[in-house]
Amino acid sequence: MKDDKEHIKLDAIDKQSKAFFAGGTFRWKKGEAEVLAELNEQIRWQASARSFRLSMRMAAMAASFLLILALGSFLRFYSTTTEVSAGTHQMVDLPDGSTVDLNAGSSLSYYPYWWHFKRIVTLEGEAFFDVQQGQRFVVRSSQGKTQVLGTSFNILARGNRYRVTCLSGSVRVSSKQKRKVVLKPGSQAVVKPDGEIEVRQNIEPFSEISWRNDVFFFTATPIQEVFEEIERQYNVTIQTTIKEEVLYTGNFTKEQDVEDILGYVCPALGLKYSRKSPNLYFITQAIE
Amino acid sequence: MTREDFNFLFHTHFEEVRKYVFYRSGDEELATDIAQDTFMRLWEKRDDIRLETVKGLLLKMATDLYITRYHKEKRAFNFFNTFVPREDALTPEDQLNYEELKKAYEEALKSMPEKQRVVFLMNRVDELKYREIAEQLGLSVKAIEKRMSLALEHLKQQLKDKVSHIVLLILTSCLFRRFKN
């Protein structure tokens, strides 16, 4: 009877709750439409906020990339150039303590901020290098390239002449035509206009670098080159009608006056000079 | 998912989600907020949503939101502020005691364990079959049956005096019928 009563009770509650809850209505304070409108608003706002943030981030990335690029290329390509005009010599100190002694009428440029990554200089003219031990040291000229580790050497790169003389350590010279030679102290490489390299052994290196002490040696040197050297050292202009191959052997020092030098260079070759203006000399065949 | 898809899903499922949270919490405002946030989350996750499983996913997201938020702010249970039962379906006597009955059910629902309450209300208010409830909540039909009978048991305990006269009524009507016969 008790079980039965319990069952009836449960049955009653089942029925009652069914009747009580079924078909009731919800009275929400906030309607579905209102919620959807809010969501749409929120979503639009969020979407645009997201793309804004995204584009800001993109812009920031692009800006920092450009900044790094600009800084990098500044460090890489900022160069220092030393030009030595005719009549003077100049000593250039490179960042690692290497020194370059530039002859008159020469120019040297290098990348100071890139120096620690790559020791590379560009030379036109003539210079004596004393290179500190370290990474590869490269001297580029229009006619050839010289690479060393740590040594001292002289490079002459004028017009189509390219001549490297090694004084200590070892030096590798390559021409544009990819010929390569390695120089030991006392040897010299001459790059010919066709790119072939001639190596001369047992050079007297001090005559090669005597220019540093204002002494100029010429051994069977075409007279045009001798005059060019005089022009550079004394900052004068020499005009000449001499076309034929005349070789000169001799030397002079800058302690002497330009006219003294012309005075013994010319007669030895059957030439004579005349002064047209303070810095202009005219050289012709001496008439017998 | 386009805006149209989203709006379609909203119209199809928003009410269910909101009711589900409301059954759990008995707090209308909380239910609306959580349902709204659930759809916000649906939009955020729109790229990795499959339409076949979206309903179960919505209830799951709502549950997660509810659990994290409900622990923060426990609010008052207030079912009949929002839900209005149909008076006309009730027995005349229940109609007479409508307000009292409402109060009694409010108390009974409030003290009922949440999981039973959700199942009970989905079955009573939305008139969903056990199988349908099981599907939506990701439970077995057995579990739903169990919760349902526990819920009824709970109501029986809570509504002792409120049903007693119904029982009496039923008994008397039975007697009457017998007497008549």
Side-chain angles (χ1 to χ4, degrees), chain A residues 1-70, chain B residues 3 6-7 10-11 14-15 18-19 22 28-29 31-33 35-37 39-40 42-44 46 80-91 94 98 101-102 105 108 120-121 123-127 148-149 151-160 162-164 166-167 169-171 174:
Chain A
M1 181 64 204
K2 196 179 175 268
D3 272 3
D4 200 32
K5 201 178 160 190
E6 285 289 300
H7 178 73
I8 290 166
K9 236 176 156 183
L10 206 58
D11 198 44
I13 202 85
D14 185 35
K15 280 206 176 91
Q16 188 195 42
S17 61
K18 259 183 193 154
F20 193 67
F21 286 104
T25 43
F26 285 91
R27 297 214 176 127
W28 304 106
K29 289 189 196 108
K30 199 166 170 182
E32 219 181 284
E34 198 183 333
V35 174
L36 184 61
E38 275 184 26
L39 274 172
N40 277 322
E41 190 110 330
Q42 240 174 315
I43 285 168
R44 202 169 302 137
W45 177 79
Q46 223 196 22
S48 59
R50 185 195 278 182
S51 65
F52 178 67
R53 267 203 307 269
L54 208 67
S55 63
M56 279 297 282
R57 187 182 297 174
M58 292 278 281
M61 273 168 66
S64 37
F65 177 73
L66 282 177
L67 194 71
I68 288 165
L69 199 72
Chain B
R3 183 61 58 84
F6 177 78
N7 285 353
F10 180 86
H11 287 304
F14 177 74
E15 210 55 38
R18 172 148 77 171
K19 277 198 276 185
F22 181 59
E28 178 196 342
E29 229 174 287
T32 306
D33 285 353
Q36 186 165 344
D37 290 352
F39 278 88
M40 198 65 232
L42 179 81
W43 175 254
E44 284 161 4
R46 62 191 174 279
F80 292 104
N81 263 8
T82 304
F83 182 76
V84 187
R86 253 174 70 187
E87 267 184 79
D88 56 359
L90 298 175
T91 60
D94 282 345
Y98 181 68
L101 203 59
K102 226 164 64 170
Y105 267 103
F120 174 78
L121 288 171
N123 174 260
R124 295 291 128 136
V125 180
D126 302 320
E127 296 172 90
M148 197 62 203
S149 69
L152 284 171
E153 196 62 39
H154 177 84
L155 280 181
K156 196 190 80 186
Q157 296 299 323
Q158 295 292 309
L159 298 170
K160 254 180 209 145
K162 303 297 161 203
V163 255
S164 59
I166 308 171
V167 176
L169 199 80
I170 294 165
L171 279 176
C174 285

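Note on naming: letters A, B, ... go to the chains in the order of the sequence lines (proteins, then strands), and numbering restarts at 1 for each one. FYI, side chains are in, hydrogens and waters are out, and symmetry mates aren't considered; it's all heavy atoms of this structure.
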Quick check on [X] against chain A: is it the side chain, the backbone, both or neither that has a heavy atom closer than 4.5 Å?
X: B/Thr82; value: both
X: B/Gln36; value: both
X: B/Phe83; value: both

Legend entry - Selection from B/Arg18, B/Glu127, B/Arg86 maximising heavy-atom pairs under 4.5 Å formed with chain A: B/Arg18
Inset, instruction - Taking only Lys NZ, Arg NE, NH1 and NH2, and the carboxylate oxygens of Asp or Glu, determine whether A/Glu38 and A/Lys30 approach each other closer than 4.0 Å. - result: yes
Legend entry - B/Lys156/A/Asp14 ion pair, N-O < 4.0 Å: no
Legend entry - Whether over 12 other heavy atoms sit under 6.0 Å from B/Glu29 CD: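 Counting neighbours around CD of B/Glu29, 12 or fewer heavy atoms of other residues, nucleotides or ligands fall under 6.0 Å, so no.
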Inset, instruction - Examine distances only and state if a side-chain atom of A/Glu32 and a backbone atom of B/Phe14 form a donor-acceptor pair shorter than 3.5 Å. - result: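 Not at all, since once roles are kept as given, no pair shorter than 3.5 Å links the two residues.
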